[in-house]
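For the single chain, residues carry numbers from 1 onward in sequence order.
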Amino acid sequence: MADGSHTPADGSDTPADGSRAAVGGSGPAGGAPEATSGAPAATSAVSGPAGSSGVARLGLGALGRLPEASRPLLRPGDVPAGVVHLGLGAFHRAHQAVYTEEAVARAGGDWGIIAVAPRSVDIVRALTEQDGLFSVTSNSGEGSRTRVVGALAGVRHAAGDPAGVVALLADPAIRVLTLTVTEKAYQLDPATGQLRPDAELVADLTTDRPPRTVPGLLVRGLLARAAADAGPIALVSCDNLPSNGRLLRGLVTRSLEYADGRVPAGAADWVRDHVSFPCTMVDRIVPASTPQTLADAERALGVVDLAAVAAEPYRQWVIEDDFPGGRPAWERAGAVLTTDAGPWERLKLRALNGLHSATAYLGALAGRETIAEALRIPHLTTVLRRLVAEEVAVSFTPPDGVSVVDYGEEVLARFANPVIRHRTIQIAMDGSQKLPQRVLHTIADLRAAGVRPRWAALVVAAWMRFAQGRADDGTVLPLDDPLAARIRAALAGARTSPEGVVEALFGLTEVFPAELAADDEVREPVVEWLTALDRYGVEKTLAGAA
């Protein structure tokens with residue numbers, strides 16, 4: 001899941017961390033990763049937060065020191081690059097990189113990954129110093145397992161070398177591009193799916209300056225690929241968005257239309273005929289790395305790893321099998337290849353990410369730091385089970401053979417893993433971008449079936465109370481959201497009552513579709529829940545509801 005997540009976090013919520021870096025290497029032909037954009041040369045030992053002076057640093061030269069069970073399946077430089085990944089966060093390192101390494105180790109192929117960080121250079125430096133190697137620790141209550149991953153053939157920093165990234169996308173050796181850049185990087189209106197370009201994207205699409213946005217990089221890269229007639233490529237969104245492949249196709253198509261005057265004749269047709277956009281569903285809880293993550297990796301490996309990540313043992317990847325230039329044999333690593341990822345996407349977004357957001361808002365309001373701690377609030381798991389059984393499960397048709405209720409139980413067990421310290425505040429960030437697909441789509445489908453939402457309305461009310469910036473004990477809560485200024489302005493002009501707050505926030509058309517906002521069968525339960533949360537706080541509200 002990227003809450004973390006892309007965040008970083010759950011596939012869902014993968015944050016734009018130091019994770020947004022890229023590994024730059026010697027190019028698609030492979031070879032040991034090399035520094036770009038001023039990244040320092042590799043070193044064999046460090047003094048740093050992960051260990052004392054003189055402790056060996058993870059890298060090719062340290063592989064012989066590693067425990068046998070922790071050694072990588074591939075050696076960076078041995079496998080030529082065929083994949084570019086945009087968004088070098090913790091989630092990618094613990095998810096797509098792991099699947100790809102296992103696939104190549106079992107079935108072969110020139111599918112090394114060149115990973116690109118859009119902004120932060122820190123992870124680029126760390127991985128460059130470690131020859132592209134990093135470790136993933138799988139944690140559960142039963143213990144942990146740490147393994148080094150060698151899937152990266154290079155790392156790049158997009159902000160430092162945008163032309164180099166554009167050239168990568170035009171290289172015929174690259175036939176797959178995957179992305180974990182979080183919802184907001186797509187610059188799409190979450191309520192309508194329409195392109196909502198900011199000044200930076202407008203400049204990317206209408207001038208010759210080096211691209212600075214994710215859509216700008218994609219469009220420039222595809223235009224360069226079309227000019228070179230470099231062969232087909234699949235663009236694979238791994239972000240927590242409904243119909244993420246179709247949204248990505250729409251983003252590229254609308255960006256090309258926006259830049260129409262600067263698009264060479266025939267280029268848009270080339271993109272239409274040679275680029276596929278398969279939908280995916282990704283899932284693994286991957287919290288942001290902490291000093292403890294690095295210390296645990298050093299203890300397990302005997303060397304320092306400044307790019308270490310930790311995750312839950314569970315992982316899932318569902319992919320529509322539409323790859324005109326070929327792909328790694330991901331099914332050999334346990335991925336599900338399908339003709340339609342839609343039911344899987346809705347299952348995860350509604351029954352996992354929706355529960356994640358509900359737990360985060362209610363937990364943060366009740367003063368709980370982590371998701372696992374929040375689940376110990378009396379009656380919360382009862383309410384979440386009713387949300388799944390009474391509303392999520394009846395809002396859509398799940399994949400064949402899958403019980404939504406059983407899936408929800410598995411989700412709650414994963415969330416309760418005490419070793420995964422997934423912070424409620426982290427999952428609560430970017431709520432205006434996450435709420436539509438995680439909760440509002442459930443409500444819309446319930447209303448289409450004539451059902452009045454109850455538990456999903458509680459999640460909306462919890463977000464609204466969270467957005468007001470105070471926990472039940474008065475602690476200040478951060479509003480880390482792309483629409484923070486709009487939300488604060490709406491609240492500042494609202495009547496000082498639950499009805500006034502609901503009216504003001506329902507006016508955010510970027511979040512709430514007009515027909516939902518005008519529906520009294522939605523508005524009334526949201527007002528009722530917000531009134532209860534205001535008067536009694538989370539714990540008493542849940543006790544009265546359950």
Taking only Lys NZ, Arg NE, NH1 and NH2, and the carboxylate oxygens of Asp or Glu, determine whether [X] and [Y] approach each other closer than 4.0 Å.
X      : Y      : result
Glu510 : Arg196 : no
Asp283 : Arg414 : yes
Arg209 : Asp204 : yes
Arg284 : Glu312 : no
Arg350 : Asp445 : yes
Glu503 : Arg495 : yes
Arg452 : Asp520 : no

Gap between atom [atom2] of [Y] and atom [atom1] of [X] - 0.5 Å precision:
X      : Y      : atom1 : atom2 : value
Thr338 : Met281 : OG1   : CE    : 10.5 Å
Leu387 : Leu458 : CG    : CG    : 8.5 Å
Trp455 : Thr442 : CH2   : OG1   : 15.5 Å
Arg249 : Ser276 : CZ    : OG    : 7.5 Å
Leu195 : Leu205 : CG    : CG    : 7.5 Å
Leu179 : Thr280 : CG    : OG1   : 9.5 Å

Hey, does [Y] have a side-chain heavy atom less than 4.5 Å from the side chain of [X]?
X      : Y      : answer
Phe506 : Val522 : yes
Val501 : Leu505 : yes
Val282 : Phe91  : yes
Leu477 : Arg470 : no
Leu177 : Val236 : no
Trp344 : Gln316 : yes
Ile487 : Leu508 : yes
Thr359 : Thr424 : no

Are side-chain N/O atoms of [X] and [Y] paired as donor and acceptor at under 3.5 Å?
X      : Y      : value
Ser395 : Arg447 : no
Thr475 : Asp473 : yes
Gln437 : His441 : no
Thr370 : His422 : no
Ser237 : Tyr186 : yes
Asp481 : Ser432 : yes

List the atom of [X], the atom of [Y], and the distance in Å for their closest heavy-atom pair.
X      : Y      : result
Ile377 : Gly363 : CD1-CA, 4.0 Å
Phe466 : Ala364 : CE1-CB, 3.8 Å
Thr178 : Cys238 : CB-SG, 4.4 Å
Ala461 : Val526 : CB-O, 3.7 Å
Pro215 : Ser255 : CB-OG, 4.2 Å
Arg465 : Asp472 : NH2-OD1, 3.4 Å

| query | Checking Asp239 side chain against Leu241 main chain: does a donor-acceptor pair fall under 3.5 Å? | reply |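 Pair absent, no side-chain N/O of Asp239 close to backbone of Leu241.
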Check for a donor-acceptor pair, side chain of Lys348 on one end and backbone N or O of Asn353 on the other, with a separation under 3.5 Å.
->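 Here the side-chain-to-backbone pair does not exist.
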Test of understanding: with side-chain hydrogen bond (donor to acceptor under 3.5 Å, both in side chains), list the residues that count as partners of Arg262, not counting sequence neighbours.
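For Arg262, the residues satisfying side-chain hydrogen bond (donor to acceptor under 3.5 Å, both in side chains) (neighbours in sequence not counted) are Asp208.
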query: Who pairs with Arg523 by side-chain hydrogen bond (donor to acceptor under 3.5 Å, both in side chains), at least two apart in sequence or on another chain?
result: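 Partners of Arg523 by the side-chain hydrogen bond (donor to acceptor under 3.5 Å, both in side chains) criterion come out as none, since no residue qualifies.
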query = Under 30°, 30 to 60°, or over 60°: which ring-plane class applies to His95 and Trp317, parallel, tilted or perpendicular?
reply =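 Correct class here is perpendicular.
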Whether Arg315 engages the ring of Tyr99 as a cation-pi pair (distance to the six-membered ring centre under 6.0 angstrom, angle to the ring normal within 45°) should be assessed.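 Yes, Arg315 and Tyr99 form such a contact.
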Checklist line | CA sep, side-chain torsions, deciding dist, call: Glu391, Arg386, salt bridge (charged side-chain N to carboxylate O under 4.0 Å, His left out) | finding: CA-CA 8 Å; Glu391 296 186 0; Arg386 295 191 68 178; over 6 Å; no
With Arg423 as reference, evaluate Met429, Arg368, Glu369 under the side chain to side chain contact (heavy atoms under 4.5 Å, CB included) test and give the passing residue.
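So, applying the side chain to side chain contact (heavy atoms under 4.5 Å, CB included) to Arg423 and each of Met429, Arg368, Glu369, only Glu369 qualifies.
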*asked:* Let's go through Val271 and Val252 carefully: what are the C-alpha distance in whole Å and the side-chain angles of both, what is the deciding distance for side chain to side chain contact (heavy atoms under 4.5 Å, CB included) to 0.1 Å, and is it a yes or a no?
replied: CA-CA 9 Å; Val271 171; Val252 169; 4.2 Å; yes
